[in-house]
Amino acid sequence: MHVDILTLFPGMFAGPLEESILKRARESGLLSINLHDIRAFAEGKHRITDDYPYGGGSGMVMKPEPVAAALDFVLAQAPKPPPVLLMCPQGRLFTQEIAKELAREEHLVFLCGHYEGIDERIRELATDELSIGDFVLTGGELPAMVIIDAVARMIPGVLGAPDSAREDSFYEGLLDYPQYTRPPEFHGRRVPEVLLSGHHEMIRSWRRKESLRRTLLRRPDLLAHAPLSDEDHRLLEEIRQEAASNQDARDVSAPEPGKREQPFDE
Ligand code: 4G0
């Protein structure tokens with residue numbers, strides 16, 4: 001996959017793209033990333049990229065011409081028109097599903113806005129507007145990095161050989177089960193005995209149940225959409241009984257009912 005990033009702050013991308021899995025993906029040729037400094041496409045001695053808002057008010061607004069010129073430069077080299085993704089708090093909420101879809105593209109363009117806003121006509125240069133969550137950042141650079149990371153790890157080969165069990169759609173839509181490594185006891189806390197038992201079927205069923213428990217207690221909203229088997233429904237019933245009879249079966253991180261999806265004012 002090839003990625004072009006249009007930004008006023010190309011320096012912000014140096015760290016995250018040059019470490020760990022993204023570094024390896026780039027070195028292996030599975031991922032190539034070109035940064036484009038929008039300021040380089042601005043005209044005049046001062047290469048101004050922002051201006052005062054028409055109608056007055058505080059803050060500066062990103063001008064459309066430098067962004068359009070940078071995008072024209074990138075699109076002129078593309079054999080076919082790629083998705084142009086505007087990082088934007090008002091955009092469609094980015095999800096794992098969207099990460100998987102974008103991972104099938106051969107070329108993506110990221111538009112990172114800054115300042116207090118962008119000229120509305122920049123929006124029309126994008127094919128999609130994406131938000132990584134209901135909060136406002138100083139710019140679209142961090143959201144672009146988040147999305148590039150999530151998309152890159154879904155490109156076949158980037159994470160190494162696919163794990164057939166965990167890639168299985170049956171696991172999708174649920175939170176991960178708890179994992180452990182050595183030592184078998186840490187600060188008085190033992191690794192669950194079933195994981196040391198070598199009983200593969202018992203381990204599979206324990207993991208599935210703990211995935212369901214986590215999801216039920218922390219993200220009950222996800223359960224409504226997850227594909228659940230007859231076994232899953234049986235395990236969920238066991239979990240509900242355990243939670244009702246045992247304080248320890250409750251999850252301290254579980255949100256109060258109705259505490260999720262707060263209204264967002266931006
Ligand atoms: C305001 C995305 C701020 C408007 C970008 C961009 C958070 C996110 C910004 C724009 C961002 C997010 C209209 C492009 C930049 N902050 N939640 N800041 N537009 O994904």
Side-chain angles (χ1 to χ4, degrees), residues 1 3-17 22 33-42 47-75 81-103 105 107-154 219 221-222 255 259-266:
M1 169 181 287
V3 173
D4 286 294
I5 304 170
L6 279 51
T7 172
L8 287 167
F9 300 97
M12 281 185 72
F13 291 84
L17 304 179
L22 292 184
I33 300 178
N34 278 178
L35 287 160
H36 306 272
D37 185 350
I38 292 169
R39 186 175 299 280
F41 294 88
R47 301 205 177 278
I48 291 168
T49 58
D50 62 340
D51 205 343
Y52 300 97
Y54 274 121
S58 63
M60 299 296 275
V61 175
M62 207 162 152
K63 289 165 66 62
E65 308 97 304
V67 178
L71 187 58
D72 284 347
F73 173 81
V74 160
L75 296 183
V84 177
L85 309 173
L86 179 65
M87 303 300 100
C88 174
Q90 300 103 349
R92 182 159 68 112
L93 197 62
F94 180 69
T95 61
Q96 190 63 37
E97 275 311 301
I98 298 174
K100 287 181 202 164
E101 284 168 29
L102 292 179
E105 301 284 348
H107 184 191
L108 296 175
V109 179
F110 288 83
L111 272 183
C112 306
H114 238 270
Y115 303 114
E116 287 75 15
I118 59 165
D119 185 288
E120 194 62 19
R121 294 162 293 184
I122 291 176
R123 222 184 268 285
E124 294 154 27
L125 303 174
T127 61
D128 282 292
E129 300 181 21
L130 293 177
S131 166
I132 61 162
D134 288 345
F135 43 83
V136 182
L137 304 168
T138 57
E141 285 77 12
L142 288 167
M145 284 183 248
V146 165
I147 292 173
I148 290 164
D149 188 287
V151 170
R153 66 185 288 288
M154 298 314 295
R219 293 295 305 277
D221 56 306
L222 295 181
K259 278 282 165 68
R260 241 166 232 287
E261 288 175 39
Q262 294 287 328
F264 167 65
D265 175 27
E266 179 55 40

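Whatever order the structure lists them in is the order used to number ligands and atoms, beginning at 1.
Heavy atoms only, all atoms of each residue included: C88 and S131 are closest at O-CB, 3.1 Å. The shortest heavy-atom contact between P66 and F41 is O-CB, 3.6 Å.
For E124, there are no side-chain hydrogen bond (donor to acceptor under 3.5 Å, both in side chains) partners at least two apart in sequence or on another chain. Applying the ring pair (Phe, Tyr, Trp, His ring centres under 6.0 Å) criterion to Y52, with sequence neighbours excluded, gives no partner residue.
Using a 4.0 Å cut-off to heavy atoms of S131, the atoms of ligand 1 that qualify are 12 (C), 17 (N), 20 (O). Distances below 4.0 Å separate heavy atoms of Q90 from the following atoms of ligand 1: 13 (C). Using a 4.0 Å cut-off to heavy atoms of G113, the atoms of ligand 1 that qualify are 15 (C). Near P143, with a cut-off below 4.0 Å to any heavy atom, the atoms of ligand 1 are 2 (C), 8 (C), 20 (O).
Residue contacts with ligand 1 include R123, since one or more of its heavy atoms lies under 4.0 Å from the ligand. Contact between E129 and ligand 1 is absent, with no heavy atom of the residue lying under 4.0 Å from the ligand. The shortest separation from a heavy atom of G139 to ligand 1 is under 4.0 Å, placing the residue in contact.
For atom 1 (C) of ligand 1, the nearest non-hydrogen atom from the set P89, G140, C112 comes from P89.
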Kindly determine whether M12 and T7 satisfy side-chain contact (heavy atoms from CB on, under 4.5 Å), including the steps that lead there.
CA-CA 9 Å; M12 281 185 72; T7 172; over 6 Å; no
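The distance criterion of under 3.5 Å between nitrogen or oxygen atoms is met by L137 with respect to ligand 1. Taking distance alone, with nitrogen or oxygen atoms compared against 3.5 Å, C88 stays at or beyond that limit from ligand 1.
Of all the heavy atoms of I132, the ones lying under 4.0 Å from any atom of ligand 1 are found in both the backbone and the side chain.
In this structure, CE in M62 is found 13.5 Å from CZ in R121, a value given to the nearest 0.5 Å.
F9 is not listed as a side-chain neighbour of T138, based on a closest heavy-atom distance of 4.5 Å or more.
Classification of R39 and D37 as a salt-bridged pair fails, no side-chain N sitting under 4.0 Å from a carboxylate O.
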